[in-house]
Amino acid sequence: MPGVMADAAGWQPVVDALDVAGPVYVLNRRGRQPSGALGPHYTLRTEIDDLVHVLDAIVAAEGAEQAEEQGVDLFGWSFGGLVALESAAQRLEAVHSLTLYEPVVRPFGHHVLDALRQAAAADDLDRAVEIVNRDVSGFTAEYVARLRQSAAWEVLRPLAAPLAQELTALNEHPTEPDAWGELPMPVTLLLGAENEGVPPYGDVFARIASALPRARVVVMPGQGHLAHVQDPESLARHLQQALGRAGSRACETDTCLS
């Protein structure tokens, strides 16, 4: 389950590096082709309902007996991590394991909402890409200038179109963190070492980790929030290790450095 500023194609290098049995599904969330628009009355619940629908479809396709024994190994990144977490809590029987890479929860990015709405009203996708990189993720002006000159910029522009609505939905979504701690499936939380204890991702990660005391926390050396772009093979390796631990039901309260 990708987050904002990403689509299924952006995660293909991670999928290619995975060595797992069975199919791997990567969602093109609403606002991405070939999926449709966010739609009226869009909230984070819309995203959760979409993912639950997909989980139910996978379970139906696999067959109830096999799904009951195995379930889906669910992975979510950033915004998609929160969607995956909430969906897993709603469909316990469908999820075998849950792996979350730097999930986010409110308040997050709320300080840029007015600027993003102004960019959206002006149909200024370049400005939206700049805002999310500079004012949310905290990248330097030099980094953004290099990004603007790269081929990636044209990929990011359409992905920025739904950003204001997505971050609004995130910041308006009520959560019940106490319920997360009761999740019965193995949970792995992946954190890039560069973000450990550092806002905007490290501090919100710590809040989510405290709500999931039985989760295994894995710190990925040399990584930040974009390992799927910068080092997909390493991210795939960490994900595969999480799946291996889930297969042995050995995911408890440890914190490990990998």
Side-chain angles (χ1 to χ4, degrees), residues 1-3 6 8 10-27 51 54-55 58-59 62 67 69-89 91-105 180-196 201-202 204-258:
M1 189 66 171
W11 281 84
Q12 191 61 47
V14 179
V15 174
D16 291 341
L18 281 173
D19 181 16
V20 294
V24 178
Y25 304 91
V26 186
L27 271 67
L51 181 52
V54 171
L55 291 174
I58 294 172
V59 168
E62 290 183 349
E69 292 178 358
Q70 297 182 0
V72 175
D73 292 304
L74 183 58
F75 171 84
W77 166 66
S78 198
F79 176 99
L82 178 60
V83 177
L85 177 56
E86 294 281 57
S87 300
R91 279 293 189 275
L92 300 177
E93 69 283 358
V95 178
H96 171 250
S97 72
L98 181 63
T99 305
L100 307 175
Y101 173 21
E102 296 188 358
V104 294
V105 68
W180 298 341
E182 303 302 317
L183 291 175
M185 74 284 293
V187 179
T188 299
L189 299 174
L190 301 179
L191 172 67
E194 293 178 357
N195 289 332
E196 191 168 13
Y201 301 108
V204 70
F205 181 92
R207 287 193 285 125
I208 292 176
S210 69
L212 291 161
R214 295 192 299 117
R216 185 181 186 93
V217 175
V218 177
V219 180
M220 302 184 295
Q223 303 302 330
H225 195 62
L226 302 175
H228 63 293
V229 175
Q230 297 167 343
D231 196 350
E233 293 83 5
S234 176
L235 180 56
R237 184 169 62 253
H238 285 290
L239 176 53
Q240 204 155 316
Q241 290 170 354
L243 297 178
R245 286 189 294 266
S248 63
R249 308 295 293 186
C251 196
E252 293 299 336
T253 58
D254 332 35
T255 297
C256 66
L257 292 172
S258 305

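Since this is a predicted model, take the numbers as computed values, not measurements. When a residue number appears, it is its place in the shown sequence, counting from 1.
In plain terms, the two heavy atoms of Gly222 and Ala193 that are nearest each other are N-CB, 4.1 Å. The shortest heavy-atom contact between Trp77 and Gly3 is CE3-N, 3.2 Å. Nearest heavy atom pair, residue Glu233 against residue Ala17, reads CA-CB, 4.0 Å. Heavy atoms only, all atoms of each residue included: Pro213 and Gly181 are closest at CD-CA, 4.2 Å. Contact between Ala209 and Val217 at its shortest, heavy atoms only, is CB-CG2, 4.5 Å. When every heavy atom of Thr188 is checked against every heavy atom of Ala242, the shortest pair comes out as OG1-CB, 3.7 Å.
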* In sequence, state the C-alpha distance, the side-chain angles, and the governing distance for Val54 and Met1, and then conclude on side-chain contact (heavy atoms from CB on, under 4.5 Å). => CA-CA 11 Å; Val54 171; Met1 189 66 171; over 6 Å; no
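Considering CG of Leu189 and CG of Leu85, their distance stands at 8.5 Å, rounded to 0.5 Å. Put simply, CD on Glu182 and CG on Leu212 are 10.5 Å apart, with the number rounded to the nearest 0.5 Å. Distance CD/Glu86 to CG/Leu51: 11.0 Å, rounded to 0.5 Å. Separating the NE2 atom in His238 from the CG atom in Leu190 is a distance of 7.5 Å, to the nearest 0.5 Å. Rounding to the nearest 0.5 angstrom, the gap separating the CG atom in Leu235 from the CE atom in Met220 is 5.5 Å. Atom CE of residue Met185 and atom CD of residue Glu93 lie 9.0 Å apart, to the nearest 0.5 angstrom.
Evaluation of the side chain to side chain contact (heavy atoms under 4.5 Å, CB included) rule for Gln12 yields Val15, Asp16 as partners, not counting sequence neighbours. Applying the ring-ring contact (aromatic ring centres under 6.0 Å, His included) test to Trp180 and every residue at least two apart in sequence or in another chain returns nothing.
Between Leu92 and Pro184, the closest side-chain pair of non-hydrogen atoms falls below 4.5 Å. Proximity of Arg214 to Val187: side-chain heavy atoms (C-beta onward) are nowhere separated by under 4.5 Å.
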Side-chain donor-acceptor pairs of residues 98-105 under 3.5 Å, sequence neighbours excluded:
from   : atom 1 : to     : atom 2 : distance (Å)
Tyr101 : OH     : Gly224 : O      : 2.6
Tyr101 : OH     : His225 : O      : 3.3
Tyr101 : OH     : Leu226 : N      : 3.4
Tyr101 : OH     : Ala227 : N      : 3.0
Glu102 : OE1    : Asn195 : ND2    : 3.0
Glu102 : OE1    : His225 : ND1    : 2.5
Glu102 : OE2    : Gly192 : N      : 2.7
Glu102 : OE2    : Asn195 : ND2    : 3.1

